[in-house]
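Report on the following structure.
Here is how names work: the chains are called A, B, and so on, in the same order as the sequence lines, proteins then strands, and each is numbered from 1.
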There are 2 protein chains.
Amino acid sequence: MPTETFNNLPKDKQEAIIRAAVAEFAKSAYEQASLTKIVAQAGIAKGSMYQYFENKRELYLYILNMAYAEKKRFLQGVFDEDDDFFATLKRYYRRSYLFAKEFPLYHRVITHYWDYCAEFDQEIRSSRELRANEFIGMLEAAIENRQANPDIDKDAAFFVYHSVGKELIENFLELSEDVQEQHLQFIDQVLDVLALGLKKRKE
Amino acid sequence: MPTETFNNLPKDKQEAIIRAAVAEFAKSAYEQASLTKIVAQAGIAKGSMYQYFENKRELYLYILNMAYAEKKRFLQGVFDEDDDFFATLKRYYRRSYLFAKEFPLYHRVITHYWDYCAEFDQEIRSSRELRANEFIGMLEAAIENRQANPDIDKDAAFFVYHSVGKELIENFLELSEDVQEQHLQFIDQVLDVLALGLKKRKE
DNA sequence: CCTTGATGTGACCACCCAGTCACTTTCTAC
DNA sequence: GTAGAAAGTGACTGGGTGGTCACATCAAGG
């Protein structure tokens, strides 16, 4: 969505703009983020920004897509090994955590996006639906393989994993080195709760 | 936190102010909510508001406490019947849903509060900890009664119920009559997922 | 009737914001 | 070397915000 003018910019200038925008959209959600601060940080005039992007919204979407592209790359291959359904889930959540650790700014841009925001209600809903279908597909396969409980409501199951995943990743943002292993273990334990359930199992 | 002056106000004026403030804080989170709009809606001068409340923050906390007090009253007795742990949880979540339906504005004030907001980080953390201790206490009792799985990590279990509960209630805001039963059933199904787990059970 | 203290008021302050545009600078091609 | 196009600029517009304060109004007591 940026203009040709932006694409023709020298790399370092482009990067300065992107860096400033990422920092601001990581610090504040779309509505609270300040274009004025971004241009100040990037060291360009406000008018210039409007030659690179149509408006604040377009700049935001550009940055958001960058963040998502990076995350997608980072999560590549998580679903490839077709071992246990539950092992795959663990891999997915652990890897998401590591993404948050490696790209904390991109991570915050993404979580801010998910925090309900009227401006993007439509888009959020439809991308949620996409993820739901993916999850339910995997779950159905797991039921066929007799790994997963066939009596469970699939939409409810997605809902649970979705909300826990959201909160899980959102909750580990200090990201200091020494607690990383602790965090990963907590993720495992949370996923165990989801897999095994709270109710005592017979046998 | 309101001043004596506010308490001495005629009831209808007090109520008009409260109504306007509740509406605004239900529509927008603290930072986005506009005091200017509140006083306009309430039909008073801005200066008057500052004779009733020290500032926006105090007004907000007053309204927030009202909402919480109402919710507390509404949830009274949910934990009294000491039947099944899982039955109690269902009662709790179902009743929370009904509160959201009966007092949608108070409900939205509360959910906006939980949406992370730098201004109240401290308070949110400590009230979360309180709820965690309550939950874990109940869970320990359930383990003693041999209702709950003793192998599960208790903090992880709270984390799961907390995040799912948050998302659950936040998600049903259209609140049209004909889907209420459907919503309550979905809540039950979600709680079944949490109780039984996704993994196939033996036997 | 007048004084006095409590209450009510809205123009105003300082600050923020997204977006615009007349103008300047830089680059390119002839 | 210069004309014309492309790119860069920042003061400005119109809008918003929370909070203040000199003044107006009102109520009650002497």
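- Across A/E24, A/Q41, A/K46, a single residue satisfies side chain to side chain donor-acceptor pair (under 3.5 Å) together with A/T36, and that is A/K46.
- At a threshold of 4.5 Å between non-hydrogen side-chain atoms, the residues B/Y30 and B/H112 do not count as touching.
- Of the possible polar contacts, one joining the A/R95 side chain to the A/F74 backbone as a donor-acceptor pair under 3.5 Å is found.
- Once you apply a 4.0 Å limit to the heavy atoms of chain A, the touched nucleotides of DNA chain D run 5' to 3' over D/dA7 to D/dG10.
- Going from atom CD of A/E31 over to atom P of C/dA18 covers 11 Å, rounded to whole Å.
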I'd like a list of close polar pairs between nucleotides 24-29 of chain C and the protein, N/O only, cut-off under 3.5 Å.
none

Pairs under 3.5 Å (N/O, protein and nucleotides 5-13 of chain C):
| from | atom 1 | to | atom 2 | distance (Å) |
| --- | --- | --- | --- | --- |
| C/dT7 | OP2 | B/T5 | OG1 | 3.4 |
| C/dG8 | OP1 | B/K13 | NZ | 3.3 |
| C/dG8 | OP2 | B/Y52 | OH | 2.9 |
| C/dG8 | N7 | B/Q51 | OE1 | 3.2 |
| C/dT9 | OP2 | B/S48 | OG | 3.3 |
| C/dG10 | O6 | B/G47 | N | 3.3 |

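- A salt bridge links A/E70 to A/R73: one of the charged nitrogens lies within less than 4.0 Å of a carboxylate oxygen.
- Side-chain atoms of B/R91 come within 3.5 Å of backbone N or O of B/E81 as a donor-acceptor pair.
- Aromatic rings of A/Y60 and A/F120 (six-membered ring for Trp) have centroids within the 6.0 Å cut-off, being under it.
- Side-chain contact between B/F159 and B/D153: absent, with no pair of heavy atoms (C-beta onward) separated by less than 4.5 Å.
- Between A/F6 and A/Y52, the two ring planes are tilted [angle within 30° to 60°].
- Atom-to-atom distance recorded for B/I124:CD1 and B/W114:CH2 is 6.5 Å, nearest 0.5 angstrom.
- Atom pair A/Y50:OH and C/dC17:P shows a separation of 12 Å (rounding to whole Å applied).
- Between B/F158 and B/L139 the shortest side-chain heavy-atom distance does not fall below 4.5 Å.
- Between A/Y62 and A/F53, the two ring planes are tilted [angle within 30° to 60°].
- Protein atom CD of B/Q32 is 13 Å distant from nucleotide atom C1' of C/dC16, rounded to whole Å.
- Counting non-hydrogen atoms under 4.0 angstrom, B/A40 reaches nothing in the nucleic acid.
- For the pair A/K37 and A/E54, both in contact range of DNA chain C, the more 5′-proximal nearest nucleotide belongs to A/K37.
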